[in-house]
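Notes for the one structure printed next.
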Amino acid sequence: MFKKILIANRGEIAVRIIRACKELGITSAAIYSDADSHSLHTLLADESYYIGESSVSSSYLNKEKIINLAREIKADAIHPGYGFFSENADFIKAVEDSGITFIGPSSESVRMMGSKTGARQLMQKNNVPIVPGTTEPVKNNDVALKFCKEIGYPVLLKASAGGGGKGMRKVSSEDEFKDAFDAAKREAMNAFGNDDIYIEKYIEQPRHIEVQVIADKHGNYAHLFERECSIQRRHQKIIEEAPSPFVDDITRDNITSAAIKAAKACNYYNAGTIEFLMDKDKNFYFLEMNTRLQVEHPVTEMITSIDLVNEQISIAAGNKLSFKQVDLRIIGHAIESRIYAEQPENNFLSSTGKLIEYIEPSGPGVRVDSGSVTGYDISLYYDPLISKLICYGKTREAAISIMKRALKEFHIAGVITNIFFLSEIFNQKDFYEGNYDINYIEKKGLISNSSSEQLTEMECVAALLASILKNESGINGKIHNSGNHIHTNKWLEQNYE
Ligand code: MV4
(Lines give C-alpha, C1' and ligand atoms only; values in the text may rest on other atoms or scores of the structure.)
Protein backbone atom coordinates (compact mmCIF):
# COMPACT_ATOMS: atom_id res chain seq x y z
CA MET A 1 0.00 0.00 0.00
CA PHE A 2 1.06 3.61 -0.52
CA LYS A 3 2.76 5.47 2.33
CA LYS A 4 1.96 8.99 1.18
CA ILE A 5 -0.54 10.46 -1.29
CA LEU A 6 -0.35 13.96 -2.72
CA ILE A 7 -3.79 15.43 -3.30
CA ALA A 8 -3.70 17.69 -6.35
CA ASN A 9 -6.95 19.46 -5.58
CA ARG A 10 -8.72 21.66 -3.06
CA GLY A 11 -12.00 22.13 -1.25
CA GLU A 12 -14.51 19.42 -0.50
CA ILE A 13 -12.98 16.78 -2.77
CA ALA A 14 -9.53 17.24 -1.23
CA VAL A 15 -11.15 16.79 2.19
CA ARG A 16 -12.94 13.67 0.94
CA ILE A 17 -9.63 12.15 -0.22
CA ILE A 18 -7.80 13.14 2.98
CA ARG A 19 -10.47 11.28 4.95
CA ALA A 20 -9.97 8.13 2.88
CA CYS A 21 -6.18 8.36 3.34
CA LYS A 22 -6.56 8.65 7.10
CA GLU A 23 -8.83 5.64 7.26
CA LEU A 24 -6.28 3.64 5.25
CA GLY A 25 -3.34 4.78 7.39
CA ILE A 26 -1.77 6.68 4.49
CA THR A 27 -0.11 10.07 5.01
CA SER A 28 -2.14 12.75 3.24
CA ALA A 29 -0.32 15.66 1.66
CA ALA A 30 -2.34 18.68 0.57
CA ILE A 31 -1.40 21.61 -1.62
CA TYR A 32 -2.82 25.08 -1.08
CA SER A 33 -2.81 28.49 -2.70
CA ASP A 34 -2.85 31.92 -1.02
CA ALA A 35 -6.65 31.93 -1.00
CA ASP A 36 -6.71 28.50 0.65
CA SER A 37 -4.18 29.06 3.43
CA HIS A 38 -6.99 28.68 5.99
CA SER A 39 -9.10 26.17 4.06
CA LEU A 40 -10.38 23.00 5.64
CA HIS A 41 -8.34 20.77 3.33
CA THR A 42 -5.17 22.67 4.27
CA LEU A 43 -6.01 22.22 7.94
CA LEU A 44 -7.02 18.55 7.86
CA ALA A 45 -4.17 17.08 5.81
CA ASP A 46 -1.23 15.51 7.62
CA GLU A 47 1.07 17.73 5.57
CA SER A 48 0.17 20.90 3.65
CA TYR A 49 2.35 22.56 1.05
CA TYR A 50 2.06 26.07 -0.31
CA ILE A 51 1.91 25.82 -4.08
CA GLY A 52 1.48 29.37 -5.34
CA GLU A 53 -0.76 32.36 -5.77
CA SER A 54 -4.53 32.08 -5.85
CA SER A 55 -5.05 31.90 -9.61
CA VAL A 56 -5.41 28.28 -10.71
CA SER A 57 -2.64 28.56 -13.30
CA SER A 58 -0.10 29.35 -10.59
CA SER A 59 -1.45 26.79 -8.14
CA TYR A 60 -3.77 23.85 -8.79
CA LEU A 61 -3.03 23.85 -12.53
CA ASN A 62 0.75 24.14 -12.24
CA LYS A 63 1.84 20.80 -13.62
CA GLU A 64 5.61 21.07 -13.04
CA LYS A 65 5.27 22.41 -9.53
CA ILE A 66 2.87 19.65 -8.48
CA ILE A 67 4.90 16.78 -9.92
CA ASN A 68 8.16 18.20 -8.55
CA LEU A 69 6.58 18.60 -5.14
CA ALA A 70 5.32 15.02 -5.18
CA ARG A 71 8.88 13.86 -5.90
CA GLU A 72 10.39 16.12 -3.23
CA ILE A 73 8.08 14.96 -0.47
CA LYS A 74 8.37 11.31 -1.58
CA ALA A 75 4.70 10.81 -2.34
CA ASP A 76 4.01 7.39 -3.86
CA ALA A 77 0.85 8.51 -5.61
CA ILE A 78 -1.17 11.54 -6.74
CA HIS A 79 -4.94 11.76 -6.45
CA PRO A 80 -6.30 14.42 -8.83
CA GLY A 81 -9.88 14.67 -7.47
CA TYR A 82 -12.22 16.06 -10.14
CA GLY A 83 -11.69 19.03 -12.44
CA PHE A 84 -8.16 20.47 -12.68
CA PHE A 85 -5.78 17.71 -13.93
CA SER A 86 -8.11 14.77 -13.40
CA GLU A 87 -8.81 14.18 -17.12
CA ASN A 88 -5.67 15.71 -18.57
CA ALA A 89 -3.92 12.90 -20.46
CA ASP A 90 -0.68 14.91 -20.72
CA PHE A 91 -0.56 15.39 -16.97
CA ILE A 92 -1.33 11.75 -16.34
CA LYS A 93 1.39 10.72 -18.78
CA ALA A 94 3.88 12.98 -17.00
CA VAL A 95 2.95 11.39 -13.65
CA GLU A 96 3.29 7.90 -15.15
CA ASP A 97 6.72 8.80 -16.56
CA SER A 98 7.87 10.15 -13.20
CA GLY A 99 7.35 6.77 -11.55
CA ILE A 100 4.64 8.13 -9.28
CA THR A 101 1.29 6.30 -9.38
CA PHE A 102 -1.68 8.21 -10.72
CA ILE A 103 -4.84 7.36 -8.79
CA GLY A 104 -7.14 7.06 -11.76
CA PRO A 105 -7.16 5.46 -15.22
CA SER A 106 -4.21 5.20 -17.61
CA SER A 107 -3.37 8.18 -19.80
CA GLU A 108 -4.31 6.01 -22.82
CA SER A 109 -7.85 5.36 -21.59
CA VAL A 110 -8.29 9.07 -20.92
CA ARG A 111 -6.97 9.97 -24.37
CA MET A 112 -9.26 7.43 -26.05
CA MET A 113 -12.34 8.88 -24.39
CA GLY A 114 -11.19 12.48 -24.84
CA SER A 115 -12.07 12.51 -28.53
CA LYS A 116 -15.86 12.40 -28.72
CA THR A 117 -15.90 11.02 -32.26
CA GLY A 118 -13.21 8.52 -31.33
CA ALA A 119 -15.31 7.43 -28.35
CA ARG A 120 -18.40 7.07 -30.57
CA GLN A 121 -16.47 4.84 -32.99
CA LEU A 122 -15.21 2.73 -30.12
CA MET A 123 -18.72 2.38 -28.68
CA GLN A 124 -20.22 1.47 -32.02
CA LYS A 125 -17.60 -1.24 -32.49
CA ASN A 126 -18.42 -2.63 -29.04
CA ASN A 127 -22.21 -2.64 -29.37
CA VAL A 128 -22.86 0.23 -26.98
CA PRO A 129 -25.79 2.25 -28.39
CA ILE A 130 -24.78 5.73 -29.55
CA VAL A 131 -27.02 8.61 -30.63
CA PRO A 132 -27.72 8.31 -34.38
CA GLY A 133 -25.27 10.60 -36.20
CA THR A 134 -21.77 10.75 -37.60
CA THR A 135 -18.81 9.01 -36.02
CA GLU A 136 -16.35 11.20 -37.90
CA PRO A 137 -16.07 14.96 -38.04
CA VAL A 138 -18.08 16.28 -41.03
CA LYS A 139 -15.88 17.58 -43.84
CA ASN A 140 -17.94 20.42 -45.25
CA ASN A 141 -21.30 22.06 -45.39
CA ASP A 142 -22.64 20.05 -48.36
CA VAL A 143 -21.73 16.64 -46.96
CA ALA A 144 -23.23 17.68 -43.63
CA LEU A 145 -26.48 18.91 -45.20
CA LYS A 146 -26.93 15.64 -47.07
CA PHE A 147 -26.40 13.69 -43.87
CA CYS A 148 -28.91 15.79 -41.91
CA LYS A 149 -31.52 15.28 -44.59
CA GLU A 150 -31.09 11.55 -44.11
CA ILE A 151 -31.45 11.47 -40.32
CA GLY A 152 -33.92 14.36 -40.17
CA TYR A 153 -34.04 17.57 -38.13
CA PRO A 154 -33.55 18.73 -35.47
CA VAL A 155 -29.86 17.85 -35.18
CA LEU A 156 -27.19 18.84 -32.71
CA LEU A 157 -23.75 19.98 -33.84
CA LYS A 158 -21.05 19.02 -31.37
CA ALA A 159 -17.31 19.62 -31.14
CA SER A 160 -15.19 16.47 -31.43
CA ALA A 161 -12.80 17.87 -28.86
CA GLY A 162 -15.61 19.11 -26.66
CA GLY A 163 -17.71 17.65 -23.90
CA GLY A 164 -19.82 18.90 -21.07
CA GLY A 165 -22.01 20.91 -23.41
CA LYS A 166 -19.43 23.40 -24.67
CA GLY A 167 -19.71 24.28 -28.36
CA MET A 168 -23.05 22.55 -29.01
CA ARG A 169 -25.58 23.98 -31.46
CA LYS A 170 -29.10 22.83 -32.19
CA VAL A 171 -30.25 23.10 -35.80
CA SER A 172 -33.98 22.82 -36.47
CA SER A 173 -34.07 23.09 -40.25
CA GLU A 174 -31.94 23.09 -43.37
CA ASP A 175 -31.89 26.89 -43.76
CA GLU A 176 -30.43 27.34 -40.27
CA PHE A 177 -27.64 24.92 -41.02
CA LYS A 178 -24.86 26.95 -42.62
CA ASP A 179 -24.75 29.73 -40.03
CA ALA A 180 -24.91 27.22 -37.19
CA PHE A 181 -22.17 25.08 -38.71
CA ASP A 182 -19.84 28.05 -39.20
CA ALA A 183 -20.53 29.33 -35.70
CA ALA A 184 -19.97 25.88 -34.14
CA LYS A 185 -16.65 25.62 -35.97
CA ARG A 186 -15.54 29.05 -34.75
CA GLU A 187 -16.59 28.30 -31.18
CA ALA A 188 -14.87 24.93 -31.16
CA MET A 189 -11.66 26.49 -32.49
CA ASN A 190 -11.70 29.14 -29.78
CA ALA A 191 -12.54 26.74 -26.98
CA PHE A 192 -10.48 23.66 -27.90
CA GLY A 193 -8.07 24.75 -30.63
CA ASN A 194 -9.72 22.21 -32.94
CA ASP A 195 -12.72 22.90 -35.14
CA ASP A 196 -13.83 19.34 -35.88
CA ILE A 197 -17.63 19.12 -35.70
CA TYR A 198 -19.82 16.04 -35.78
CA ILE A 199 -23.57 15.62 -35.98
CA GLU A 200 -26.10 13.87 -33.78
CA LYS A 201 -29.82 13.52 -34.00
CA TYR A 202 -31.32 15.83 -31.37
CA ILE A 203 -32.96 13.79 -28.61
CA GLU A 204 -36.08 15.53 -27.28
CA GLN A 205 -36.59 15.93 -23.53
CA PRO A 206 -34.10 13.31 -22.50
CA ARG A 207 -32.97 12.40 -19.03
CA HIS A 208 -29.33 12.32 -18.02
CA ILE A 209 -28.53 8.93 -16.59
CA GLU A 210 -25.01 7.78 -15.83
CA VAL A 211 -23.54 4.51 -14.65
CA GLN A 212 -20.71 4.29 -12.12
CA VAL A 213 -18.15 1.70 -13.12
CA ILE A 214 -15.01 0.52 -11.43
CA ALA A 215 -12.26 -1.85 -12.53
CA ASP A 216 -8.94 -3.07 -11.23
CA LYS A 217 -5.67 -3.63 -13.08
CA HIS A 218 -6.33 -7.39 -13.24
CA GLY A 219 -9.27 -7.17 -15.63
CA ASN A 220 -12.12 -7.30 -13.08
CA TYR A 221 -14.99 -4.94 -13.84
CA ALA A 222 -18.09 -3.97 -11.87
CA HIS A 223 -20.80 -1.34 -12.08
CA LEU A 224 -22.38 0.39 -9.11
CA PHE A 225 -25.74 1.06 -10.75
CA GLU A 226 -26.94 4.39 -12.10
CA ARG A 227 -27.34 7.95 -10.97
CA GLU A 228 -29.79 10.40 -12.43
CA CYS A 229 -28.50 13.95 -12.88
CA SER A 230 -31.23 15.58 -14.95
CA ILE A 231 -31.79 18.47 -12.53
CA GLN A 232 -29.25 20.90 -13.92
CA ARG A 233 -28.97 24.41 -15.19
CA ARG A 234 -26.65 25.38 -18.05
CA HIS A 235 -24.77 22.08 -17.68
CA GLN A 236 -24.22 22.72 -13.98
CA LYS A 237 -25.72 19.81 -12.06
CA ILE A 238 -27.79 20.83 -9.05
CA ILE A 239 -29.46 17.66 -7.76
CA GLU A 240 -28.39 14.06 -8.34
CA GLU A 241 -29.97 10.88 -7.08
CA ALA A 242 -29.43 7.13 -7.03
CA PRO A 243 -31.12 5.04 -8.15
CA SER A 244 -32.97 6.89 -10.92
CA PRO A 245 -36.74 7.02 -10.33
CA PHE A 246 -37.17 6.45 -14.09
CA VAL A 247 -35.11 3.28 -14.51
CA ASP A 248 -36.82 -0.10 -14.09
CA ASP A 249 -35.02 -3.38 -13.42
CA ILE A 250 -34.81 -4.48 -17.06
CA THR A 251 -33.57 -1.10 -18.26
CA ARG A 252 -31.05 -1.14 -15.40
CA ASP A 253 -29.72 -4.51 -16.55
CA ASN A 254 -29.36 -3.22 -20.08
CA ILE A 255 -27.77 0.15 -19.32
CA THR A 256 -25.30 -1.24 -16.78
CA SER A 257 -24.25 -4.00 -19.21
CA ALA A 258 -23.66 -1.34 -21.84
CA ALA A 259 -21.59 0.65 -19.35
CA ILE A 260 -19.35 -2.34 -18.60
CA LYS A 261 -18.84 -2.84 -22.34
CA ALA A 262 -17.84 0.82 -22.63
CA ALA A 263 -15.32 0.53 -19.81
CA LYS A 264 -13.84 -2.64 -21.29
CA ALA A 265 -13.59 -1.00 -24.72
CA CYS A 266 -10.99 1.46 -23.44
CA ASN A 267 -9.18 -0.99 -21.12
CA TYR A 268 -10.34 1.04 -18.20
CA TYR A 269 -9.20 0.73 -14.65
CA ASN A 270 -10.12 2.77 -11.53
CA ALA A 271 -13.46 4.58 -11.07
CA GLY A 272 -15.27 6.03 -14.08
CA THR A 273 -18.70 7.05 -15.27
CA ILE A 274 -20.53 6.37 -18.50
CA GLU A 275 -23.02 9.12 -19.35
CA PHE A 276 -26.17 8.28 -21.27
CA LEU A 277 -29.18 10.16 -22.56
CA MET A 278 -32.47 8.33 -22.05
CA ASP A 279 -35.55 9.20 -24.06
CA LYS A 280 -39.22 8.93 -23.05
CA ASP A 281 -39.36 5.31 -24.23
CA LYS A 282 -36.32 4.43 -22.14
CA ASN A 283 -34.04 4.04 -25.15
CA PHE A 284 -30.57 5.04 -24.01
CA TYR A 285 -27.59 6.37 -25.91
CA PHE A 286 -23.94 6.73 -24.95
CA LEU A 287 -22.93 10.39 -24.59
CA GLU A 288 -19.43 10.39 -23.16
CA MET A 289 -17.28 8.80 -20.51
CA ASN A 290 -16.00 10.71 -17.50
CA THR A 291 -12.62 9.24 -16.69
CA ARG A 292 -12.51 10.49 -13.11
CA LEU A 293 -14.22 10.41 -9.73
CA GLN A 294 -17.30 12.59 -9.98
CA VAL A 295 -18.77 15.27 -7.73
CA GLU A 296 -21.91 13.18 -7.21
CA HIS A 297 -20.13 9.93 -6.26
CA PRO A 298 -21.52 10.03 -2.68
CA VAL A 299 -25.06 9.04 -3.74
CA THR A 300 -23.63 5.84 -5.18
CA GLU A 301 -21.62 5.23 -2.02
CA MET A 302 -24.76 5.58 0.08
CA ILE A 303 -26.84 3.04 -1.86
CA THR A 304 -24.05 0.47 -2.29
CA SER A 305 -22.01 0.91 0.93
CA ILE A 306 -18.87 0.95 -1.22
CA ASP A 307 -16.28 3.61 -0.40
CA LEU A 308 -15.26 4.69 -3.89
CA VAL A 309 -12.20 6.69 -2.89
CA ASN A 310 -10.89 3.92 -0.69
CA GLU A 311 -11.43 1.54 -3.62
CA GLN A 312 -9.69 3.92 -6.07
CA ILE A 313 -6.60 4.02 -3.89
CA SER A 314 -6.56 0.26 -3.44
CA ILE A 315 -6.91 -0.31 -7.20
CA ALA A 316 -4.11 2.15 -7.98
CA ALA A 317 -1.90 0.23 -5.54
CA GLY A 318 -2.47 -2.88 -7.65
CA ASN A 319 -5.05 -4.67 -5.51
CA LYS A 320 -8.07 -6.49 -6.88
CA LEU A 321 -11.55 -5.06 -6.44
CA SER A 322 -12.63 -5.66 -2.84
CA PHE A 323 -16.02 -7.00 -3.99
CA LYS A 324 -17.67 -8.83 -6.85
CA GLN A 325 -20.62 -7.70 -8.92
CA VAL A 326 -22.87 -10.31 -7.28
CA ASP A 327 -22.11 -8.83 -3.86
CA LEU A 328 -23.70 -5.52 -4.83
CA ARG A 329 -27.28 -4.53 -4.28
CA ILE A 330 -29.10 -1.21 -4.24
CA ILE A 331 -30.24 -0.54 -0.70
CA GLY A 332 -32.27 2.60 -0.06
CA HIS A 333 -32.24 5.89 -1.93
CA ALA A 334 -29.81 8.81 -1.86
CA ILE A 335 -30.12 12.37 -3.11
CA GLU A 336 -27.44 15.04 -3.32
CA SER A 337 -28.00 18.78 -3.37
CA ARG A 338 -25.18 21.06 -4.38
CA ILE A 339 -25.07 24.16 -2.19
CA TYR A 340 -23.62 27.00 -4.26
CA ALA A 341 -22.66 30.56 -3.38
CA GLU A 342 -24.85 32.11 -6.05
CA GLN A 343 -27.90 34.30 -6.46
CA PRO A 344 -30.83 32.41 -7.96
CA GLU A 345 -32.81 35.62 -8.08
CA ASN A 346 -30.08 37.46 -9.93
CA ASN A 347 -29.51 35.08 -12.82
CA PHE A 348 -27.44 32.76 -10.59
CA LEU A 349 -24.57 35.23 -10.48
CA SER A 350 -21.79 34.11 -8.17
CA SER A 351 -21.97 35.47 -4.65
CA THR A 352 -18.57 36.15 -3.10
CA GLY A 353 -17.62 37.06 0.44
CA LYS A 354 -16.59 35.75 3.81
CA LEU A 355 -18.61 32.94 5.38
CA ILE A 356 -19.52 34.90 8.49
CA GLU A 357 -21.42 31.92 9.73
CA TYR A 358 -21.39 28.38 8.42
CA ILE A 359 -23.36 25.69 10.26
CA GLU A 360 -24.07 22.33 8.65
CA PRO A 361 -27.09 20.10 9.09
CA SER A 362 -26.66 16.64 10.56
CA GLY A 363 -28.76 13.92 12.14
CA PRO A 364 -30.21 10.70 10.73
CA GLY A 365 -29.66 10.14 7.02
CA VAL A 366 -27.53 13.23 6.51
CA ARG A 367 -24.02 13.41 5.06
CA VAL A 368 -22.28 16.68 4.27
CA ASP A 369 -19.15 16.73 2.09
CA SER A 370 -17.68 20.19 2.31
CA GLY A 371 -14.46 22.15 2.37
CA SER A 372 -16.10 25.15 3.98
CA VAL A 373 -15.58 26.59 7.44
CA THR A 374 -16.74 29.77 9.15
CA GLY A 375 -14.37 32.56 8.15
CA TYR A 376 -13.54 31.14 4.71
CA ASP A 377 -13.55 33.66 1.91
CA ILE A 378 -15.52 32.53 -1.13
CA SER A 379 -13.70 34.15 -4.04
CA LEU A 380 -14.00 34.15 -7.79
CA TYR A 381 -10.83 32.10 -8.16
CA TYR A 382 -12.56 28.74 -7.74
CA ASP A 383 -15.82 26.85 -8.14
CA PRO A 384 -18.56 28.44 -5.95
CA LEU A 385 -19.55 25.07 -4.42
CA ILE A 386 -19.94 25.54 -0.65
CA SER A 387 -20.94 21.99 0.19
CA LYS A 388 -22.74 18.88 -0.92
CA LEU A 389 -25.68 17.74 1.14
CA ILE A 390 -26.36 14.04 0.69
CA CYS A 391 -29.50 12.56 2.23
CA TYR A 392 -30.17 8.88 2.51
CA GLY A 393 -33.41 7.07 3.32
CA LYS A 394 -35.03 3.71 2.98
CA THR A 395 -37.17 5.07 0.17
CA ARG A 396 -37.02 8.05 -2.21
CA GLU A 397 -39.85 9.70 -0.29
CA ALA A 398 -37.90 9.34 2.96
CA ALA A 399 -34.77 10.79 1.34
CA ILE A 400 -36.75 13.80 0.12
CA SER A 401 -38.20 14.42 3.61
CA ILE A 402 -34.75 14.26 5.13
CA MET A 403 -33.44 16.61 2.42
CA LYS A 404 -36.14 19.21 3.10
CA ARG A 405 -35.46 19.05 6.82
CA ALA A 406 -31.67 19.20 6.39
CA LEU A 407 -31.77 22.14 3.97
CA LYS A 408 -33.56 24.16 6.65
CA GLU A 409 -30.84 23.34 9.16
CA PHE A 410 -28.13 25.04 7.12
CA HIS A 411 -27.15 28.43 8.48
CA ILE A 412 -24.94 30.28 6.06
CA ALA A 413 -24.25 33.97 6.33
CA GLY A 414 -21.98 36.25 4.34
CA VAL A 415 -22.84 34.97 0.89
CA ILE A 416 -26.14 34.32 -0.85
CA THR A 417 -26.82 30.66 -1.52
CA ASN A 418 -29.15 28.55 -3.64
CA ILE A 419 -30.62 26.77 -0.58
CA PHE A 420 -34.07 28.31 -0.92
CA PHE A 421 -34.07 27.50 -4.63
CA LEU A 422 -33.23 23.87 -3.86
CA SER A 423 -36.04 23.69 -1.29
CA GLU A 424 -38.46 24.93 -3.93
CA ILE A 425 -37.53 22.03 -6.20
CA PHE A 426 -38.05 19.49 -3.42
CA ASN A 427 -41.51 20.96 -2.83
CA GLN A 428 -42.60 20.41 -6.44
CA LYS A 429 -45.14 17.70 -7.13
CA ASP A 430 -43.48 16.61 -10.37
CA PHE A 431 -40.10 16.29 -8.72
CA TYR A 432 -41.71 14.22 -5.98
CA GLU A 433 -43.24 11.98 -8.62
CA GLY A 434 -39.92 11.60 -10.42
CA ASN A 435 -41.40 13.41 -13.36
CA TYR A 436 -38.57 15.50 -14.81
CA ASP A 437 -36.00 15.74 -17.61
CA ILE A 438 -32.93 17.85 -18.43
CA ASN A 439 -35.10 20.89 -19.22
CA TYR A 440 -36.85 20.87 -15.85
CA ILE A 441 -35.33 24.03 -14.32
CA GLU A 442 -35.75 26.12 -17.46
CA LYS A 443 -39.30 24.91 -18.08
CA LYS A 444 -40.40 25.37 -14.50
CA GLY A 445 -39.12 28.91 -14.28
CA LEU A 446 -38.80 28.39 -10.55
CA ILE A 447 -37.23 31.76 -10.29
CA SER A 448 -39.50 34.75 -10.07
CA ASN A 449 -37.67 37.23 -12.20
CA SER A 450 -38.63 40.16 -9.99
CA SER A 451 -35.00 40.91 -9.51
CA SER A 452 -35.75 44.57 -8.83
CA GLU A 453 -35.86 43.80 -5.14
CA GLN A 454 -32.25 42.80 -4.73
CA LEU A 455 -29.86 43.57 -1.99
CA THR A 456 -26.27 43.72 -3.01
CA GLU A 457 -23.92 41.47 -1.16
CA MET A 458 -22.56 44.44 0.77
CA GLU A 459 -26.05 45.51 1.79
CA CYS A 460 -26.74 41.99 2.91
CA VAL A 461 -23.61 41.80 5.01
CA ALA A 462 -24.25 45.28 6.41
CA ALA A 463 -27.76 44.26 7.38
CA LEU A 464 -26.48 41.12 8.99
CA LEU A 465 -23.83 42.98 10.96
CA ALA A 466 -26.38 45.54 12.03
CA SER A 467 -28.63 42.82 13.34
CA ILE A 468 -25.78 41.22 15.24
CA LEU A 469 -24.83 44.57 16.74
CA LYS A 470 -28.45 45.06 17.76
CA ASN A 471 -27.91 41.87 19.79
CA GLU A 472 -30.30 39.68 17.89
CA SER A 473 -29.59 36.00 18.12
CA GLY A 474 -26.73 35.11 15.81
CA ILE A 475 -28.38 31.90 14.68
CA ASN A 476 -31.73 33.45 14.01
CA GLY A 477 -33.41 31.90 11.04
CA LYS A 478 -35.07 35.20 10.25
CA ILE A 479 -31.73 36.81 9.67
CA HIS A 480 -29.72 34.49 7.58
CA ASN A 481 -31.25 31.12 7.23
CA SER A 482 -30.87 30.81 3.53
CA GLY A 483 -34.14 28.90 3.57
CA ASN A 484 -35.85 32.26 3.84
CA HIS A 485 -35.82 35.13 1.40
CA ILE A 486 -33.28 37.21 3.22
CA HIS A 487 -32.22 39.48 0.44
CA THR A 488 -35.30 41.45 -0.38
CA ASN A 489 -36.02 45.03 0.44
CA LYS A 490 -39.00 43.91 2.46
CA TRP A 491 -36.67 42.09 4.72
CA LEU A 492 -34.50 45.15 5.02
CA GLU A 493 -37.43 47.36 5.95
CA GLN A 494 -38.50 45.00 8.71
CA ASN A 495 -35.12 44.39 10.20
CA TYR A 496 -32.95 47.37 9.50
CA GLU A 497 -34.07 50.68 10.91
C1 MV4 B 1 -27.44 15.97 -26.47
C2 MV4 B 1 -28.72 16.45 -26.14
C3 MV4 B 1 -29.76 16.10 -26.97
N4 MV4 B 1 -29.53 15.35 -28.07
N5 MV4 B 1 -27.26 15.22 -27.56
C6 MV4 B 1 -25.03 18.32 -23.06
C7 MV4 B 1 -23.75 17.99 -22.42
C8 MV4 B 1 -23.10 17.02 -23.31
N9 MV4 B 1 -22.43 16.03 -22.54
C10 MV4 B 1 -24.17 16.44 -24.14
N11 MV4 B 1 -25.33 17.25 -23.94
C12 MV4 B 1 -26.49 17.01 -24.63
N13 MV4 B 1 -26.36 16.24 -25.71
C14 MV4 B 1 -28.29 14.93 -28.33
N15 MV4 B 1 -28.08 14.21 -29.43
C16 MV4 B 1 -28.86 17.23 -24.99
C17 MV4 B 1 -27.75 17.52 -24.24
C18 MV4 B 1 -27.97 18.32 -23.07
C19 MV4 B 1 -27.79 17.80 -21.79
C20 MV4 B 1 -27.35 16.51 -21.58
C21 MV4 B 1 -27.16 16.03 -20.29
C22 MV4 B 1 -27.44 16.83 -19.20
C23 MV4 B 1 -27.88 18.09 -19.39
C24 MV4 B 1 -28.06 18.61 -20.67
C25 MV4 B 1 -28.51 19.90 -20.85
C26 MV4 B 1 -28.69 20.40 -22.11
C27 MV4 B 1 -28.40 19.61 -23.23
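Indexing begins at 1, ligand by ligand and atom by atom, following the structure's order. By convention here, the first residue in the shown sequence is residue 1.
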Nearest-0.5 Å distance that lies between atom CD in Glu336 and atom CZ in Arg338: 6.0 Å
Under 4.0 Å from ligand 1, counting heavy atoms only: the protein residues, by chain and number: Val131, Leu156, Lys158, Gly164, Gly165, Met168, Glu200, Lys201, Tyr202, Ile203, His208, Gln232, His235, Glu275, Leu277, Leu287, Glu288, Ile438
Please lay out, stage by stage, how Leu122 and Phe286 fare under the test side-chain contact (heavy atoms from CB on, under 4.5 Å). CA-CA 11 Å; Leu122 198 60; Phe286 170 86; over 6 Å; no
By the definition salt bridge (Lys or Arg N to Asp or Glu O under 4.0 Å), identify the one residue from Lys443, Lys444, Lys280 that meets it with Asp437. Lys443
Consider salt bridge (Lys or Arg N to Asp or Glu O under 4.0 Å). Of Glu210, Glu301, Glu275, which one does Arg227 pass it with? Glu210
Geometric class of the Phe85/Phe91 ring pair [parallel <30°, tilted 30-60°, perpendicular >60°]: parallel
For the pair Phe177 and Phe181, name the ring-plane relationship: parallel under 30°, tilted 30 to 60°, perpendicular over 60°. parallel
